[in-house]
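Just below is one structure, and these are the notes that go with it.
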Amino acid sequence: MAERKNKKKSGGRLGVTLFGGIFMLVGLGLIVVGPLETFYQHMRSAGWQRVPVTLHSINVESHRGDDSTTYSVEARYSYQFNGHTYNANRVGYDWGSDNIGDYHDRIVGRVRSAQARGQLLAWVNPADPHEAYLMRDLRWKKIIFMVIFGAVFAGAGAGVIAFGWRNGASPTDGSGAIYSSERYGHWVLAFMAFMFIGISFPV
């Protein structure tokens with residue numbers, strides 16, 4: 001009987017760990033592929049060479065979803081480097097689309113203004129001239145948003161794991177009485193509510 005209880009307890013802990021682990025991995029993944037990747041690219045491109053650019057097009061593109069519209073900056077430009085012509089489309093470190101602030105409109109305005117003055121330059125990677133950026137701006141609003149978003153997910157996962165292991169630690173106190181974990185159920189619901197509120201609050 002005791003062996004069956006231990007197996008059940010171990011299975012419950014494993015399930016809680018896997019469930020919470022998914023949230024932790026998603027949260028940490030968002031932080032790694034978002035803010036940390038942005039800072040890495042910012043430092044890596046600091047010593048790249050600046051070269052004049054011929055801008056072919058730049059626009060703000062809208063992407064309509066089920067409940068919101070997000071935006072991205074789409075561009076095409078070319079430049080000369082070591083006697084060769086290269087084509088590129090990367091504007092900044094951003095990937096995907098979002099609707100955080102007025103970044104997209106401001107970037108398009110700045111690029112067009114620099115083009116009109118004949119001062120539009122790109123940062124080109126000397127080691128791989130196919131790689132270039134028009135802008136090296138850090139979007140602090142998006143960085144903070146992604147840090148909060150990822151931290152909420154990771155914190156939720158860690159909390160679920162800690163809660164599950166704590167509640168499964170000992171079903172009795174040695175007196176023969178069996179304690180139910182049902183009275184702790186509201187903490188699970190409260191934690192899930194915290195997670196979703198935390199995710200939506202930055203928006």
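- Aromatic rings from Phe39 and Trp140 are positioned such that their centres are separated by under 6.0 Å.
- To the nearest 0.5 angstrom, Ser97 atom OG is 12.5 Å from Arg64 atom CZ.
- For the atom pair CD (Gln115) and CG (Leu121), the distance works out to 12.0 Å, reported to the nearest 0.5 Å.
- Ring geometry, Tyr133 versus Trp48: the interplanar angle falls under 30°, so the pair is classed parallel (tilted spans 30 to 60°).
- Hydrophobic clustering (ILVMFWY, side-chain heavy atoms < 4.5 Å, transitive): Leu134 and Val60 are in one cluster.
- Considering only heavy atoms from C-beta on, Lys142 stays 4.5 Å or farther from Tyr103 through its side chain.
- Side-chain atoms of Tyr79 come within 3.5 Å of backbone atoms of Pro129 as a donor-acceptor pair (strictly under, hydrogens ignored).
- At least one side-chain heavy atom of Arg44 sits less than 4.5 Å from a side-chain heavy atom of Glu131.
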Return a table of donor-acceptor pairs under 3.5 angstrom between the side chains of residues 105-113 and protein atoms on other chains or two or more places apart.
| residue | atom | partner | partner atom | Å |
| --- | --- | --- | --- | --- |
| Arg106 | NE | Asp102 | OD1 | 3.0 |
| Arg110 | NH1 | Asp137 | OD2 | 2.4 |
| Arg112 | NH2 | Ile58 | O | 2.7 |
| Arg112 | NH2 | Asn59 | OD1 | 3.3 |
| Ser113 | OG | Arg117 | NH1 | 2.7 |

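- Legend: residues meeting side chain to side chain contact (heavy atoms under 4.5 Å, CB included) with Ile144, ordered by chain and number and at least two apart, are Ile148.
- Both Tyr86 and Val124 are part of a single hydrophobic cluster, where members link through side-chain heavy atoms under 4.5 Å apart.
- Scanning both residues, Ala46 and Arg136, for their nearest heavy atoms gives CA-NH2, 3.4 Å.
- The line from CZ of Arg139 to OG1 of Thr38 is 9.5 Å long, rounded to the nearest 0.5 Å.
- For Tyr40, the OH atom is loosely surrounded, since the number of other residues' heavy atoms within 6.0 Å does not exceed 12.
- The environment of NE2 in His63 is crowded: more than 12 heavy-atom neighbours from other residues, nucleotides or ligands sit within 6.0 Å.
- Taken to the nearest 0.5 Å, the CG atom of Asn89 stands 8.0 Å off from the CD atom of Glu74.
- Judged as a salt bridge (charged side-chain N to carboxylate O under 4.0 Å, His left out), and not counting sequence neighbours, Glu37 has no contacts.
- The OG1 atom of Thr54 sits 8.0 Å away from atom CD of Gln80, with the distance rounded to the nearest 0.5 Å.
- Using a 4.5 Å heavy-atom cutoff, the side chains of Thr70 and Ser62 are not in contact.
- If you take NE2 on His130 and CZ on Arg90, they are separated by 15.5 Å, rounding to the nearest 0.5 Å.
- For the pair Met135/Tyr93, no side-chain contact is recorded, criterion being any heavy-atom separation below 4.5 Å from C-beta on.
- Residues Ala122 and Tyr77 share a closest heavy-atom pair of CB-CE1, 4.3 Å.
- Linking ILVMFWY residues whenever their side-chain heavy atoms come closer than 4.5 Å, directly or via other members, leaves Phe81 and Trp123 in distinct clusters.
- Under the 4.5 Å side-chain heavy-atom criterion for ILVMFWY residues, no single connected hydrophobic cluster contains both Val147 and Leu36.
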